[in-house]
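See below for the structure under consideration.
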Amino acid sequence: MFQKQPIGHLGTPCTHYSLCCSTSSSQQVEAFPVYGSKKIKMAIPRAGRSAGLLSSVTLQLLLNLTGVYFAFYFLFTLSLIIKKSLELPYPSDALACDVGLLLLLAALEFLHLYCGVKGNLTESESYIFGNLLVTAATTLLTVYFLVWQTYVMRADVIISSVLVAVYGADGVLALSTLARFASVYS
């Protein structure tokens, strides 16, 4: 039995990981995290699931980028709505509609990120399909802020166009990931 103990930052042995090797005829090598004296198995494939990794790294990176960009988009659009309501004759019912739709867009974006990340990491077809549905809804709301809101400024056009393009790329990647999951698991 071979135990590997890396050296910690103060020169003391670190017992976070242990590599257990057996040299029997099957030549099995297993790695377990060690917490105290307990060994915990990790990443066991579920029944009907392959041991290969089908998750899309590109989709995961794009979802993270979308989350960061949406935080900027939300704050910038909210500040533009406040600026327009102070400087332009903004009807109060239209102001309430624009702010309400922006808050709805934020809630749908949270759902979009949740379904996308969970579906990609767990290789779940239903979550990826939910991500596609929510992507369609968030794209429509972004097009509202791009074209149909009460006052559309050039800054609105620029930031909303970028968000629509990111949603389009996200939809294409989610659709290809869904097709890959469906071809393997069906």
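- Taking the side chain as every heavy atom from C-beta outward, L80 and Y151 never approach each other to under 4.5 Å.
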Distance-only check: which donor-acceptor pairs under 3.5 Å involve side-chain atoms of residues 90-105, not counting sequence neighbours?
residue: Y90; atom: OH; partner: D98; partner atom: OD2; Å: 2.2
residue: D98; atom: OD1; partner: Y144; partner atom: OH; Å: 2.5

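- Placement of F110 and L163 in two distinct hydrophobic clusters is found when ILVMFWY residues are connected by side-chain heavy-atom separations under 4.5 Å, directly or transitively.
- With values rounded to the nearest 0.5 angstrom, S56 atom OG is found 8.0 Å from F181 atom CZ.
- Taking the side chain as every heavy atom from C-beta outward, D156 and L146 never approach each other to under 4.5 Å.
- Linking ILVMFWY residues whenever their side-chain heavy atoms come closer than 4.5 Å, directly or via other members, places L173 and V184 in the same cluster.
- With rounding to the nearest 0.5 angstrom, the CD1 atom of I159 is 10.5 Å from the CE atom of M153.
- Looking at residues two or more places apart in sequence or on another chain, you find a ring pair (Phe, Tyr, Trp, His ring centres under 6.0 Å) between F72 and Y69, F76.
- Between the side chains of E123 and Y185, a donor-acceptor pair is found at a separation under 3.5 Å.
- Residues V157 and V164 fall within the same hydrophobic cluster, defined by Ile, Leu, Val, Met, Phe, Trp and Tyr side chains chained together at heavy-atom separations under 4.5 Å.
- Linking Ile, Leu, Val, Met, Phe, Trp and Tyr residues whenever their side-chain heavy atoms come within less than 4.5 Å leaves L54 and V57 in two separate clusters.
- Annotation: the span from L61 atom CG to L65 atom CG amounts to 8.5 Å, rounded to 0.5 Å.
- In plain terms, the two heavy atoms of A174 and L132 that are nearest each other are CB-CD2, 3.7 Å.
- Minimum interatomic distance between T139 and T135 (heavy atoms only, all atoms of both residues): OG1-O, 2.7 Å.
- Here the closest heavy-atom approach between residue E109 and residue T138 is recorded as N-CG2, 4.0 Å.
- To the nearest 0.5 Å, atoms CG (L59) and OG1 (T177) are separated by 4.5 Å.
- Between W148 and V143 there is a side-chain heavy-atom pair separated by less than 4.5 Å.
- The heavy-atom pair separating G67 from L113 by the smallest distance is CA-CD1, 3.6 Å.
- Between T66 and Y167, the shortest heavy-atom contact is CG2-CE2, 3.8 Å.
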Quiz item: Taking it one step at a time, do V147 and V152 satisfy side-chain contact (heavy atoms from CB on, under 4.5 Å)?
Solution: CA-CA 7 Å; V147 178; V152 180; over 6 Å; no

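- For the atom pair OH of Y114 and CG of L63, the computed distance is 14.0 Å after rounding to the nearest 0.5 Å.
- When ring centroids are compared, F70 and H112 stay outside the 6.0 Å threshold.
- Residues N131 and L178 fail the side-chain proximity criterion, which asks for heavy atoms closer than 4.5 Å.
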Quiz item: Could you walk me through whether S160 and Y73 pass the side-chain contact (heavy atoms from CB on, under 4.5 Å) check?
Solution: CA-CA 8 Å; S160 294; Y73 177 85; 3.1 Å; yes

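- Here OG1 of T58 is found 11.5 Å from CG of D170. Values are rounded to the nearest 0.5 Å.
- The shortest side-chain heavy-atom distance between I81 and F145 falls under the 4.5 Å cut-off.
- Heavy-atom minimum distance, G116 versus I128: O-CD1, 4.1 Å.
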